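Keep in mind that this is a model prediction, so the values were computed, not measured. Each chain gets a letter, A, B and so on, in the order its sequence line appears, and its residues count up from 1.
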There are 2 protein chains.
Amino acid sequence: MELRQLRYFLAVARERNFSRAAEILHIAQPPLSRQIQQLEDELGVLLIDRSSRPLDLTEAGRFFYEQAGQIIARTEHMREQTRKIGLSKRERYVIGCVGSTLYGGMPDLVRRMRKRWPDIDIEIREMMSTEQVTALKERRIDLGFGRVRFNDRKVERLTLREERLVVAFPKGHPKSLSTEPIALAELEGEPLIVYPSAPRPSFADEILNMLTEQGISPANVEEVREIQTALGIVAAGVSLCVIPAASQRQRPDDVCYRTIKDENATSPIIMSFRRDDAKGRIEEIKQIIREMYADNPPWLQLSNVQLDGA
Amino acid sequence: MELRQLRYFLAVARERNFSRAAEILHIAQPPLSRQIQQLEDELGVLLIDRSSRPLDLTEAGRFFYEQAGQIIARTEHMREQTRKIGLSKRERYVIGCVGSTLYGGMPDLVRRMRKRWPDIDIEIREMMSTEQVTALKERRIDLGFGRVRFNDRKVERLTLREERLVVAFPKGHPKSLSTEPIALAELEGEPLIVYPSAPRPSFADEILNMLTEQGISPANVEEVREIQTALGIVAAGVSLCVIPAASQRQRPDDVCYRTIKDENATSPIIMSFRRDDAKGRIEEIKQIIREMYADNPPWLQLSNVQLDGA
DNA sequence: GGATTTGATACCTGAAAGGTATAATTATGG
DNA sequence: CCATAATTATACCTTTCAGGTATCAAATCC
């Protein structure tokens, strides 16, 4: 599969006519037909229903049209952005973080960094905890915020705080009637859903390890790729799910939450960076974080979500 | 630019060595070098710093690496999904909706639809209001949920409810100290940020029209692509922004909200569908929505966000 | 049902991807 | 600092495949 074929297919899908599409693409009609055929051959699926005129897309063709359009748009965006970065002499500073750290203190930290270094382009990129380690070593990011503890000779890590975990219940679940903190042991025998399913080790493993250590075994454990899906399944009344307190806001309506009582049922927020960071801003960033602690002591805490069962 | 070039670049970036990358790709080293050169020529930017060994990526190269990897992953995902859809005999029902309708009643509606028709694959796709009209006509979606009124001979629309609008203030803004409803007229002379900037007409135009009709002119109006950015700028203390009540949850911490007092300062939630829908499920969907109104009268209202200034 | 539009097929041409040989460059060890 | 090893760039040839032309085969439309 090549981008050319996607571009060709988009033209045909838009025009619903091979000949006109070929004109627009400034090629003859037969090569266009052939490229589409090759594409269909590779996929093993018909994209265009040629038995009617004007042409109609098949179900698969309609899906492919959506996706192909987005991919083409994305490559064009990438081309422009790459050009811009290559020509600009501004320094870039890329921060990788897992979704659940994007709330609370992170935006404020970025704001402060932008204010301190107005000449630097600071970017945020969503990225799993384990990906951050390799991304740091390959210098694709300069700073990481994650939740999984790891050891790597070249990467230093700093735990910013421990965040309480909460259990998500479907509305109407018998154990969701109380809003009091809940004991971890009460998960015994309950169906559980964990995330993300890849790459390992992940937050899913942290939760499963915690349960194993305590000798608690849920009824059955399902893995899903992302928290949205996990909470969707919870809302549908199928399972329970353990999430960091900050993630409660993801879905406040149809899911109930109870903080876990156990003192050590927490998930860390870990900042990581290269030991040999050449940009030399780590010390200043630590200083900014100290300032933030001073301004607003429970850093990364959320103002209007009840935390720590207090 | 072709996918082949992206695949080649990824191999070189991973190996940091042309010869080894060429081996992995099962081609000779010179053609690989040339493809990368052509890519760099087209971009007008160096991606690889060849003056050091092992090779190093340039700043632009690191960005390109991230993006290219995601694009390749996406094309592969598209290939598999297209294949699956083409081979499966299950009916697909695609719903297009703007982000702000994804909260509240929408997930529940989809849940009820899945329950009613377990043999149908129901998908949700995020999509601007105006895109929904063409997507419906081209049968890329079967149902749309949007916020912008439009007229089209082939598409029928149904207003489900009118939702109150709220003003977003940066924390500490003098007008954010009260939580009382605010008059639209108080936006006079304030810097305003609207979204989305494309495609028009959009929610941005609805807001600007409303202000013009009332003879209110903000100090200066900036347009951004999406609500995240808009609220980010608000939080940074630069401007105010008008959003639908449901979108408050997007950023509950560092932004303050006040409902707009004016009775007609509302934004509709509009369901739209093809007049000649062949799947014949529209009437049943309307029935489901009536059931939902019955179960939970203020449909699409949010349980824990203060609405309607009540 | 015949004319017209439009997509598929067969076959040819030329551009561009890939290969081989070798020069140029960068690193490394004495 | 120079010689050597490793690795990338250049020059040139081969082969593959995208694109073009001519024509046939459907499908639609009066």
Quick one: which protein N/O atoms are closer than 3.5 Å to N/O atoms of nucleotides 27-30 of chain D? Pair and distance per line, please.
unit_1  : atom_1 : unit_2 : atom_2 : d
dT28(D) : OP1    : R53(A) : N      : 3.4

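- Rounding to the nearest 0.5 Å places OG of S129(B) at 8.0 Å from CZ of R147(B).
- Shown here for P196(A) and S202(A), the closest heavy-atom pair between the two residues is O-OG, 3.0 Å.
- The distance between atom CD1 of I48(B) and atom P of dT25(C), rounded to the nearest whole Å, is 19 Å.
- The CD1 atom of I48(B) sits 5.0 Å away from atom CZ of R50(B), with the distance rounded to the nearest 0.5 Å.
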Taking only N/O atoms, report every protein-nucleotides 12-16 of chain D pair under 3.5 Å with atom names and distance.
none

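- As rounded to whole Å, 9 Å separates atom P of dA18(D) from atom CD of E2(A).
- Dashed line: the shortest gap from a side-chain N or O of S19(A) to OP1 or OP2 of dG7(C) is under 4.0 Å.
- Atom-to-atom distance recorded for D41(A):CG and L43(A):CG is 9.0 Å, nearest 0.5 angstrom.
- Not a single salt bridge (Lys or Arg N to Asp or Glu O under 4.0 Å) links R114(B) to another residue, sequence neighbours left out.
- Put simply, Q37(B) has a side-chain N or O that comes within less than 4.0 Å of OP1 or OP2 on dT10(D).
- For dA9(D), the OP1/OP2 oxygens have a side-chain nitrogen or oxygen of S33(B) closer than 4.0 Å.
- For the pair L39(A) CG and dA18(D) P, the interatomic distance rounds to 12 Å; values are reported in whole Å.
- We find that CG of D49(A) is positioned 17 Å from P of dT6(C), with the value rounded to whole Å.
- Within residues 7-17 of chain A, the residues having any heavy atom closer than 4.0 Å to DNA chain C are, in order of number, N17(A).
- Listed in residue order, the members of residues 20-32 of chain A having a heavy atom less than 4.0 Å from DNA chain C are Q29(A), P30(A).
- Rounded to whole Å, the distance from CD1 on I36(A) to C1' on dG19(D) is 14 Å.
- Take R290(A) and apply the salt bridge (Lys or Arg N to Asp or Glu O under 4.0 Å) test, not counting sequence neighbours, and it matches no residue.
- For the helix from dG1(C)-dC30(D) to dG30(C)-dC1(D), the axis fitted to the five pairs at one end and the axis fitted to the five pairs at the other end meet at an angle of 40° (nearest 10 degrees).
- Around the NZ atom of K137(B), the shell of radius 6.0 Å holds more than 12 heavy atoms that belong to other residues, nucleotides or ligands.
- Q37(A) and S33(A) are not linked by any side-chain donor-acceptor pair at a separation below 3.5 angstrom, with hydrogens and angles left out of the test.
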Next item on the list: Determine, stepwise, if the pair F273(B) / K286(B) fulfils side chain to side chain contact (heavy atoms under 4.5 Å, CB included).
Entry: CA-CA 11 Å; F273(B) 47 88; K286(B) 284 187 193 165; 3.8 Å; yes

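- Protein atom CZ of F18(B) is 11 Å distant from nucleotide atom P of dT10(D), rounded to whole Å.
- Using a cutoff of 4.0 Å between basic side-chain nitrogens and carboxylate oxygens, D121(B) and R92(B) are not scored as salt-bridged.
- Shown here are the side-chain contact (heavy atoms from CB on, under 4.5 Å) partners of R34(A), two or more places apart in sequence or in another chain: Q38(A).
- dG19(C) atom P lies 11 Å from atom CD of Q35(B), rounded to whole Å.
- Separating the CG atom of D41(B) from the C1' atom of dA16(C) is a distance of 15 Å, rounded to the nearest angstrom.
- The salt bridge (Lys or Arg N to Asp or Glu O under 4.0 Å) check on R149(A) picks up E162(A), with sequence neighbours excluded.
- Residues satisfying the salt bridge (Lys or Arg N to Asp or Glu O under 4.0 Å) criterion with R79(A), sequence neighbours excluded, are E42(B).
- The ring-ring contact (aromatic ring centres under 6.0 Å, His included) test with F9(B) singles out one residue from F63(B), F18(B), F64(B), and that residue is F64(B).
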Sequence neighbours excluded and cut-off under 3.5 Å, please list the side-chain donor-acceptor pairs for residues 70-77 of chain B, or say none.
unit_1 : atom_1 : unit_2 : atom_2 : d
Q70(B) : OE1    : R74(A) : NH2    : 2.5
R74(B) : NH2    : Q67(A) : OE1    : 3.2
R74(B) : NH2    : Q70(A) : OE1    : 2.5
T75(B) : OG1    : I72(B) : O      : 2.7

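- The side-chain contact (heavy atoms from CB on, under 4.5 Å) test applied to D56(B) returns R139(A), R16(B), D49(B), S52(B), R62(B), not counting sequence neighbours.
- For Q38(B), a side-chain nitrogen or oxygen approaches OP1 or OP2 of dA17(C) to under 4.0 Å.
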